[in-house]
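Scroll down for the structure; my scribbles are underneath it.
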2 protein chains.
Amino acid sequence: MERKQQFRDYLLTQGLKSTRQREIILDAFLQSGGHLSTEELYLQIRQQHPGIGYATVHRTLKLLAGSGLAESRHFGDRQTRYEQCSGEDHHDHLICTACGAILEFEDGDIERLQQRVARQHGFHILSHRLELYGRCAKCGPE
Amino acid sequence: MERKQQFRDYLLTQGLKSTRQREIILDAFLQSGGHLSTEELYLQIRQQHPGIGYATVHRTLKLLAGSGLAESRHFGDRQTRYEQCSGEDHHDHLICTACGAILEFEDGDIERLQQRVARQHGFHILSHRLELYGRCAKCGPE
DNA sequence: CTCCAATTGAAAATGATTGTCAATTTAAGC
DNA sequence: GCTTAAATTGACAATCATTTTCAATTGGAG
Ligand SMILES: [Mn+2]
Ligand SMILES: [Mn+2]
Ligand SMILES: [Zn+2]
Ligand SMILES: [Zn+2]
(Lines give C-alpha, C1' and ligand atoms only; values in the text may rest on other atoms or scores of the structure.)
(Ligands and ions follow the chains in the order given, each with its own letter.)
Protein backbone atom coordinates (compact mmCIF):
# COMPACT_ATOMS: atom_id res chain seq x y z
CA MET A 1 0.00 0.00 0.00
CA GLU A 2 2.84 2.37 0.76
CA ARG A 3 4.34 1.20 -2.49
CA LYS A 4 1.41 2.62 -4.33
CA GLN A 5 1.80 5.89 -2.47
CA GLN A 6 5.51 5.96 -3.30
CA PHE A 7 4.62 5.79 -6.96
CA ARG A 8 2.01 8.54 -6.67
CA ASP A 9 4.53 10.74 -4.90
CA TYR A 10 7.06 10.11 -7.63
CA LEU A 11 4.55 11.08 -10.30
CA LEU A 12 3.77 14.28 -8.42
CA THR A 13 7.39 15.32 -8.09
CA GLN A 14 7.81 14.77 -11.82
CA GLY A 15 4.75 16.79 -12.75
CA LEU A 16 3.02 13.65 -13.99
CA LYS A 17 -0.50 12.47 -13.36
CA SER A 18 -2.05 9.48 -11.66
CA THR A 19 -4.26 7.61 -14.05
CA ARG A 20 -6.57 4.64 -13.96
CA GLN A 21 -4.19 2.77 -16.27
CA ARG A 22 -1.10 3.45 -14.20
CA GLU A 23 -2.84 2.20 -11.07
CA ILE A 24 -3.92 -0.97 -12.81
CA ILE A 25 -0.46 -1.62 -14.19
CA LEU A 26 1.15 -0.90 -10.83
CA ASP A 27 -1.24 -3.33 -9.12
CA ALA A 28 -0.51 -6.05 -11.64
CA PHE A 29 3.22 -5.48 -11.32
CA LEU A 30 3.16 -5.61 -7.52
CA GLN A 31 1.08 -8.77 -7.48
CA SER A 32 3.18 -10.81 -9.86
CA GLY A 33 6.66 -11.49 -8.59
CA GLY A 34 9.59 -12.59 -10.66
CA HIS A 35 11.35 -11.06 -13.61
CA LEU A 36 8.74 -9.90 -16.07
CA SER A 37 9.10 -8.72 -19.62
CA THR A 38 6.81 -5.97 -20.90
CA GLU A 39 5.11 -8.53 -23.10
CA GLU A 40 4.42 -10.86 -20.19
CA LEU A 41 2.94 -8.14 -18.01
CA TYR A 42 0.91 -6.79 -20.91
CA LEU A 43 -0.60 -10.17 -21.71
CA GLN A 44 -1.50 -10.72 -18.08
CA ILE A 45 -3.14 -7.33 -17.70
CA ARG A 46 -5.03 -7.71 -20.94
CA GLN A 47 -7.06 -10.55 -19.48
CA GLN A 48 -8.82 -8.22 -17.05
CA HIS A 49 -8.32 -4.94 -18.88
CA PRO A 50 -8.38 -5.45 -22.64
CA GLY A 51 -8.38 -1.71 -23.27
CA ILE A 52 -4.91 -1.05 -21.92
CA GLY A 53 -2.33 -0.79 -24.67
CA TYR A 54 1.13 -2.27 -24.92
CA ALA A 55 2.72 1.17 -25.16
CA THR A 56 1.14 2.24 -21.88
CA VAL A 57 2.45 -0.85 -20.11
CA HIS A 58 5.88 -0.17 -21.54
CA ARG A 59 5.85 3.49 -20.54
CA THR A 60 4.58 2.71 -17.05
CA LEU A 61 7.30 0.13 -16.46
CA LYS A 62 9.88 2.77 -17.27
CA LEU A 63 8.19 5.09 -14.79
CA LEU A 64 8.23 2.36 -12.17
CA ALA A 65 11.95 1.96 -12.72
CA GLY A 66 12.37 5.72 -12.38
CA SER A 67 10.42 5.74 -9.14
CA GLY A 68 12.61 3.08 -7.60
CA LEU A 69 9.81 0.51 -7.39
CA ALA A 70 11.17 -1.56 -10.25
CA GLU A 71 14.56 -2.41 -11.57
CA SER A 72 15.29 -3.30 -15.16
CA ARG A 73 17.30 -6.40 -15.93
CA HIS A 74 18.98 -7.63 -19.06
CA PHE A 75 19.79 -11.31 -19.11
CA GLY A 76 20.98 -13.31 -22.06
CA ASP A 77 18.04 -12.65 -24.37
CA ARG A 78 17.27 -9.35 -25.98
CA GLN A 79 14.31 -8.23 -23.96
CA THR A 80 14.28 -6.05 -20.90
CA ARG A 81 12.82 -7.55 -17.76
CA TYR A 82 11.60 -5.78 -14.66
CA GLU A 83 11.48 -6.93 -11.10
CA GLN A 84 10.31 -5.34 -7.87
CA CYS A 85 13.05 -3.80 -5.82
CA SER A 86 12.59 -2.97 -2.19
CA GLY A 87 14.62 0.12 -1.55
CA GLU A 88 18.17 -0.55 -0.47
CA ASP A 89 18.64 -4.25 -0.91
CA HIS A 90 20.49 -5.57 -3.90
CA HIS A 91 20.87 -9.04 -5.29
CA ASP A 92 22.44 -10.87 -8.18
CA HIS A 93 21.35 -13.91 -10.14
CA LEU A 94 22.06 -17.55 -10.84
CA ILE A 95 20.47 -18.47 -14.16
CA CYS A 96 19.91 -22.06 -15.25
CA THR A 97 20.62 -22.40 -18.95
CA ALA A 98 18.74 -25.69 -19.03
CA CYS A 99 15.36 -24.86 -17.49
CA GLY A 100 15.49 -21.06 -17.30
CA ALA A 101 15.17 -20.94 -13.54
CA ILE A 102 16.45 -17.77 -11.91
CA LEU A 103 17.81 -17.91 -8.37
CA GLU A 104 18.73 -14.80 -6.44
CA PHE A 105 21.60 -14.30 -4.05
CA GLU A 106 23.41 -11.65 -2.07
CA ASP A 107 27.06 -11.89 -1.16
CA GLY A 108 28.64 -9.11 0.81
CA ASP A 109 32.10 -10.60 0.39
CA ILE A 110 31.87 -10.40 -3.38
CA GLU A 111 30.60 -6.84 -3.21
CA ARG A 112 33.54 -5.88 -1.02
CA LEU A 113 35.98 -7.41 -3.49
CA GLN A 114 34.30 -5.46 -6.27
CA GLN A 115 35.09 -2.30 -4.38
CA ARG A 116 38.68 -3.44 -4.06
CA VAL A 117 38.92 -3.98 -7.81
CA ALA A 118 37.44 -0.54 -8.42
CA ARG A 119 39.89 1.06 -6.04
CA GLN A 120 42.81 -0.61 -7.81
CA HIS A 121 41.66 1.04 -11.06
CA GLY A 122 40.69 4.43 -9.63
CA PHE A 123 37.12 3.63 -10.52
CA HIS A 124 33.97 4.74 -8.71
CA ILE A 125 31.25 2.09 -8.91
CA LEU A 126 27.68 3.28 -9.40
CA SER A 127 26.09 -0.07 -10.10
CA HIS A 128 27.03 -3.56 -11.07
CA ARG A 129 25.73 -6.74 -12.52
CA LEU A 130 26.79 -10.27 -11.68
CA GLU A 131 25.19 -13.22 -13.37
CA LEU A 132 26.22 -16.83 -12.95
CA TYR A 133 25.03 -19.06 -15.78
CA GLY A 134 24.96 -22.80 -15.47
CA ARG A 135 22.79 -25.68 -14.35
CA CYS A 136 20.59 -25.67 -11.30
CA ALA A 137 20.41 -28.47 -8.76
CA LYS A 138 17.28 -29.86 -10.39
CA CYS A 139 18.84 -30.05 -13.85
CA GLY A 140 22.09 -31.63 -12.66
CA PRO A 141 25.66 -30.90 -13.75
CA GLU A 142 25.01 -32.02 -17.37
CA MET B 1 48.96 -17.08 -37.50
CA GLU B 2 47.97 -20.14 -35.51
CA ARG B 3 44.79 -18.27 -34.78
CA LYS B 4 43.96 -18.33 -38.43
CA GLN B 5 44.67 -22.05 -38.56
CA GLN B 6 42.48 -22.61 -35.53
CA PHE B 7 39.62 -21.02 -37.40
CA ARG B 8 40.20 -23.08 -40.53
CA ASP B 9 40.28 -26.23 -38.43
CA TYR B 10 37.01 -25.24 -36.79
CA LEU B 11 35.37 -24.70 -40.17
CA LEU B 12 36.57 -28.12 -41.33
CA THR B 13 35.21 -29.93 -38.30
CA GLN B 14 31.86 -28.26 -38.91
CA GLY B 15 31.72 -29.15 -42.59
CA LEU B 16 32.06 -25.48 -43.51
CA LYS B 17 34.27 -23.86 -46.09
CA SER B 18 37.12 -21.41 -45.98
CA THR B 19 36.32 -18.42 -48.12
CA ARG B 20 38.02 -15.24 -49.20
CA GLN B 21 35.52 -13.22 -47.18
CA ARG B 22 35.99 -15.21 -44.01
CA GLU B 23 39.75 -14.78 -44.21
CA ILE B 24 39.41 -11.04 -44.67
CA ILE B 25 36.97 -10.70 -41.80
CA LEU B 26 39.15 -12.84 -39.56
CA ASP B 27 42.20 -10.71 -40.39
CA ALA B 28 40.34 -7.50 -39.64
CA PHE B 29 39.01 -8.91 -36.39
CA LEU B 30 42.44 -10.09 -35.22
CA GLN B 31 44.05 -6.76 -36.05
CA SER B 32 41.61 -4.52 -34.26
CA GLY B 33 41.52 -5.04 -30.52
CA GLY B 34 38.78 -3.93 -28.21
CA HIS B 35 35.11 -4.71 -28.03
CA LEU B 36 33.68 -4.38 -31.52
CA SER B 37 30.10 -4.33 -32.67
CA THR B 38 29.20 -5.93 -35.98
CA GLU B 39 28.54 -2.49 -37.38
CA GLU B 40 31.96 -1.20 -36.35
CA LEU B 41 33.83 -4.11 -37.87
CA TYR B 42 31.72 -3.94 -41.02
CA LEU B 43 32.43 -0.24 -41.53
CA GLN B 44 36.13 -0.80 -41.04
CA ILE B 45 36.30 -3.70 -43.47
CA ARG B 46 34.26 -1.85 -46.05
CA GLN B 47 37.04 0.67 -46.51
CA GLN B 48 39.32 -1.93 -48.07
CA HIS B 49 36.70 -4.41 -49.24
CA PRO B 50 33.50 -2.64 -50.28
CA GLY B 51 32.05 -5.84 -51.67
CA ILE B 52 31.71 -7.64 -48.36
CA GLY B 53 28.20 -7.50 -46.99
CA TYR B 54 27.00 -6.78 -43.51
CA ALA B 55 25.32 -10.17 -43.24
CA THR B 56 28.59 -11.93 -43.99
CA VAL B 57 30.40 -10.00 -41.28
CA HIS B 58 27.60 -10.84 -38.89
CA ARG B 59 27.64 -14.52 -39.79
CA THR B 60 31.41 -14.72 -39.57
CA LEU B 61 31.50 -13.14 -36.13
CA LYS B 62 29.13 -15.82 -34.92
CA LEU B 63 31.42 -18.44 -36.42
CA LEU B 64 34.39 -16.85 -34.68
CA ALA B 65 32.54 -17.08 -31.39
CA GLY B 66 31.77 -20.72 -32.12
CA SER B 67 35.42 -21.43 -32.88
CA GLY B 68 36.57 -19.98 -29.58
CA LEU B 69 38.46 -17.12 -31.19
CA ALA B 70 35.89 -14.53 -30.21
CA GLU B 71 33.57 -14.01 -27.31
CA SER B 72 30.32 -12.13 -27.50
CA ARG B 73 29.58 -9.45 -24.95
CA HIS B 74 26.44 -7.61 -24.01
CA PHE B 75 26.95 -4.39 -22.12
CA GLY B 76 24.35 -1.78 -21.33
CA ASP B 77 23.37 -0.91 -24.89
CA ARG B 78 21.39 -3.12 -27.19
CA GLN B 79 24.08 -4.34 -29.53
CA THR B 80 26.27 -7.39 -29.29
CA ARG B 81 29.99 -6.81 -29.14
CA TYR B 82 32.81 -9.25 -29.84
CA GLU B 83 36.29 -9.39 -28.47
CA GLN B 84 39.23 -11.70 -29.02
CA CYS B 85 39.61 -14.37 -26.43
CA SER B 86 42.82 -16.24 -25.92
CA GLY B 87 41.86 -19.73 -24.88
CA GLU B 88 41.62 -20.20 -21.17
CA ASP B 89 41.92 -16.75 -19.73
CA HIS B 90 38.87 -14.91 -18.60
CA HIS B 91 38.28 -11.34 -17.57
CA ASP B 92 35.47 -9.05 -16.52
CA HIS B 93 34.82 -5.38 -17.13
CA LEU B 94 34.70 -1.95 -15.56
CA ILE B 95 32.59 0.32 -17.75
CA CYS B 96 32.62 4.10 -17.44
CA THR B 97 29.11 5.44 -17.89
CA ALA B 98 30.50 8.92 -18.52
CA CYS B 99 33.04 8.38 -21.32
CA GLY B 100 32.34 4.80 -22.37
CA ALA B 101 35.81 3.55 -21.48
CA ILE B 102 36.05 -0.19 -20.85
CA LEU B 103 38.69 -1.49 -18.45
CA GLU B 104 39.37 -5.17 -18.00
CA PHE B 105 40.25 -7.04 -14.84
CA GLU B 106 40.69 -10.50 -13.45
CA ASP B 107 40.13 -11.37 -9.84
CA GLY B 108 40.63 -14.91 -8.66
CA ASP B 109 39.19 -14.13 -5.24
CA ILE B 110 35.89 -13.06 -6.73
CA GLU B 111 35.77 -16.12 -8.94
CA ARG B 112 36.33 -18.35 -5.93
CA LEU B 113 33.50 -16.68 -4.06
CA GLN B 114 31.27 -17.20 -7.06
CA GLN B 115 31.96 -20.91 -6.78
CA ARG B 116 31.05 -20.73 -3.11
CA VAL B 117 27.73 -19.09 -3.94
CA ALA B 118 27.04 -21.73 -6.55
CA ARG B 119 27.84 -24.51 -4.11
CA GLN B 120 25.45 -23.04 -1.57
CA HIS B 121 22.66 -23.27 -4.14
CA GLY B 122 23.57 -26.63 -5.65
CA PHE B 123 24.39 -24.83 -8.86
CA HIS B 124 27.01 -25.76 -11.45
CA ILE B 125 28.49 -22.65 -13.08
CA LEU B 126 29.23 -22.82 -16.79
CA SER B 127 29.96 -19.15 -17.35
CA HIS B 128 29.48 -15.84 -15.70
CA ARG B 129 29.40 -12.15 -16.29
CA LEU B 130 30.49 -9.40 -13.96
CA GLU B 131 30.28 -5.79 -14.97
CA LEU B 132 31.02 -2.83 -12.76
CA TYR B 133 29.46 0.39 -14.02
CA GLY B 134 30.55 3.77 -12.78
CA ARG B 135 33.03 6.53 -13.43
CA CYS B 136 36.63 6.01 -14.40
CA ALA B 137 39.59 7.83 -12.87
CA LYS B 138 39.67 10.31 -15.72
CA CYS B 139 36.00 11.24 -15.38
CA GLY B 140 36.11 11.61 -11.58
CA PRO B 141 33.55 10.50 -9.01
CA GLU B 142 30.81 12.77 -10.45
C1' DC C 1 37.29 -30.82 -64.43
C1' DT C 2 32.49 -31.74 -62.50
C1' DC C 3 29.12 -31.12 -59.47
C1' DC C 4 26.70 -30.41 -55.26
C1' DA C 5 26.60 -28.24 -51.06
C1' DA C 6 28.02 -24.18 -48.85
C1' DT C 7 28.39 -19.25 -49.26
C1' DT C 8 27.46 -14.63 -50.48
C1' DG C 9 25.16 -10.02 -50.71
C1' DA C 10 20.99 -7.51 -51.34
C1' DA C 11 16.86 -7.12 -49.65
C1' DA C 12 13.14 -8.27 -46.80
C1' DA C 13 11.53 -10.13 -42.33
C1' DT C 14 11.72 -10.15 -37.52
C1' DG C 15 11.08 -8.63 -32.78
C1' DA C 16 11.75 -5.52 -29.09
C1' DT C 17 11.49 -0.93 -28.30
C1' DT C 18 10.33 3.86 -29.08
C1' DG C 19 7.99 7.78 -31.52
C1' DT C 20 3.66 10.04 -33.45
C1' DC C 21 -0.70 12.09 -33.03
C1' DA C 22 -5.64 12.82 -32.57
C1' DA C 23 -8.82 11.90 -29.00
C1' DT C 24 -9.40 11.58 -24.19
C1' DT C 25 -8.53 12.33 -19.37
C1' DT C 26 -6.50 14.54 -15.38
C1' DA C 27 -6.34 17.98 -11.93
C1' DA C 28 -5.49 22.80 -11.00
C1' DG C 29 -7.73 27.21 -10.75
C1' DC C 30 -11.73 29.41 -10.58
C1' DG D 1 -19.04 21.92 -10.38
C1' DC D 2 -17.04 24.04 -14.66
C1' DT D 3 -13.24 25.46 -17.61
C1' DT D 4 -9.03 24.73 -19.51
C1' DA D 5 -4.23 23.71 -20.35
C1' DA D 6 -1.27 20.01 -20.07
C1' DA D 7 -0.54 15.22 -19.66
C1' DT D 8 -1.96 10.68 -21.15
C1' DT D 9 -3.69 7.13 -23.92
C1' DG D 10 -3.87 3.56 -27.61
C1' DA D 11 -3.46 2.45 -32.36
C1' DC D 12 -0.18 2.60 -35.50
C1' DA D 13 4.12 3.63 -37.66
C1' DA D 14 9.13 4.10 -37.25
C1' DT D 15 13.46 2.52 -35.64
C1' DC D 16 17.30 -0.40 -34.85
C1' DA D 17 19.97 -4.55 -34.37
C1' DT D 18 19.59 -8.91 -35.82
C1' DT D 19 18.24 -12.74 -38.65
C1' DT D 20 16.27 -14.90 -42.71
C1' DT D 21 15.46 -15.46 -47.67
C1' DC D 22 16.91 -16.50 -52.15
C1' DA D 23 19.08 -16.40 -56.60
C1' DA D 24 23.70 -16.25 -58.09
C1' DT D 25 28.36 -17.60 -57.05
C1' DT D 26 32.05 -20.27 -55.16
C1' DG D 27 34.72 -23.97 -52.68
C1' DG D 28 36.64 -28.27 -52.69
C1' DA D 29 35.82 -33.37 -52.59
C1' DG D 30 35.96 -36.92 -55.83
MN1 LIG E 1 16.02 -10.73 -9.20
MN1 LIG F 1 37.07 -7.47 -22.60
ZN1 LIG G 1 17.53 -25.79 -14.23
ZN1 LIG H 1 35.31 7.75 -18.04
Side-chain angles (χ1 to χ4, degrees), chain A residues 4-5 7-28 35-67 70-82, chain B residues 4-5 7-29 35-67 70 72-82:
Chain A
K4 300 180 69 169
Q5 196 52 50
F7 187 52
R8 291 194 200 101
D9 291 345
Y10 172 76
L11 292 177
L12 268 182
T13 66
Q14 303 294 307
L16 306 178
K17 295 175 175 172
S18 282
T19 66
R20 193 177 58 82
Q21 290 91 334
R22 285 176 180 166
E23 292 284 332
I24 289 169
I25 294 166
L26 171 57
D27 285 343
H35 306 79
L36 289 166
S37 66
T38 306
E39 176 84 10
E40 287 166 356
L41 187 57
Y42 166 68
L43 290 177
Q44 186 182 315
I45 289 173
R46 198 174 59 169
Q47 296 176 26
Q48 296 299 319
H49 306 276
I52 294 184
Y54 186 97
T56 301
V57 175
H58 171 261
R59 289 184 287 231
T60 302
L61 281 171
K62 291 184 81 166
L63 288 176
L64 287 171
S67 76
E71 193 161 351
S72 73
R73 299 284 187 184
H74 300 261
F75 298 138
D77 47 1
R78 196 166 322 117
Q79 58 188 352
T80 303
R81 294 180 172 280
Y82 293 87
Chain B
K4 300 179 68 168
Q5 196 53 51
F7 187 52
R8 291 195 199 98
D9 291 345
Y10 173 75
L11 292 176
L12 268 182
T13 66
Q14 303 293 308
L16 305 177
K17 295 175 177 174
S18 281
T19 66
R20 192 178 59 81
Q21 290 92 334
R22 285 175 180 166
E23 291 285 333
I24 289 169
I25 295 166
L26 171 57
D27 285 343
F29 175 72
H35 306 79
L36 289 166
S37 66
T38 306
E39 176 84 10
E40 286 166 356
L41 187 59
Y42 166 67
L43 289 178
Q44 187 182 315
I45 289 173
R46 199 174 57 169
Q47 296 177 27
Q48 296 300 318
H49 305 277
I52 293 185
Y54 185 96
T56 302
V57 175
H58 171 260
R59 288 184 285 231
T60 303
L61 280 171
K62 291 184 80 168
L63 288 176
L64 287 171
S67 77
S72 74
R73 299 285 188 183
H74 301 261
F75 299 138
D77 48 2
R78 199 167 318 120
Q79 57 189 354
T80 303
R81 294 179 173 280
Y82 292 87

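This structure is a prediction, so every number in the text was calculated from the model and none was measured. Below, chain A is the first sequence line, B the second, and so on; all start at residue 1.
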- Within the pair B:Arg22 and C:dT8, is there a side-chain N or O less than 4.0 Å away from OP1 or OP2? yes
_Any non-hydrogen side-chain atom of B:Gln79 less than 4.5 Å from a side-chain atom of B:His74?_
no
- prompt: For C:dT7, does OP1 or OP2 lie under 4.0 Å from any side-chain N or O of B:Thr56?
  reply: no
Per atom distances to the A:Lys17 side chain, the nearest of D:dT8, C:dT17, D:dG10 is D:dT8
**Message:** Donor-acceptor check, side chain of B:Thr56 to backbone of B:Ile52, threshold 3.5 angstrom: yes or no?
**Reply:** no
When B:Arg78 and B:Ser18 are each assigned the nearest nucleotide of DNA chain C, the 5'-most assignment goes to B:Ser18
note: B:Arg46, atom CZ; C:dA10, atom P; distance rounded to Å ~ 10 Å
To the nearest angstrom, the CG-C1' distance between B:Leu63 and C:dT8 comes to 13 Å
Any B:His35 side-chain heavy atom under 4.5 Å of B:Phe75 side chain: yes
| said: D:dA17, OP1 or OP2 - any side-chain N/O from B:Tyr54 closer than 4.0 Å? | reply: no
Quick note, B:Thr38 side chain, CB onward, closest among D:dT20, D:dT18, D:dT8 is D:dT18
Rounded to whole Å, CG of B:Leu61 lies from P of D:dA17 at a distance of 15 Å
Open item on the list: Using OP1 and OP2 only, check whether a side-chain N or O of A:Thr19 sits under 4.0 Å from C:dT25.
Closed with: no
| message | A quick test of your reading: do over 12 heavy atoms of other residues, nucleotides or ligands sit less than 6.0 Å from CD of A:Gln48? | response | no
For this session: Establish whether the base of C:dG19 is bridged to the side chain of A:Arg59 by a donor-acceptor pair shorter than 3.5 Å.
Result: no
For D:dT8, take OP1 and OP2 only and decide whether either is under 4.0 Å from a side-chain N or O of A:Gln21.
no
Contact class for A:Ser37 vs. all strands (heavy atom < 4.0 Å): base, sugar-phosphate, or nothing? nothing
May I ask you to verify if any side-chain N or O of A:Lys62 is less than 4.0 angstrom from the OP1 or OP2 atom of C:dT18?
yes
ask   = Given C:dA16, is OP1 or OP2 found less than 4.0 Å from the side-chain N or O atoms of A:His58?
value = no
Rounded to whole Å, CG of B:Leu41 lies from P of D:dT18 at a distance of 12 Å
query: Quick one: is A:Thr80 getting a side-chain N or O under 4.0 Å of the C:dA16 phosphate, OP1 or OP2?
result: no
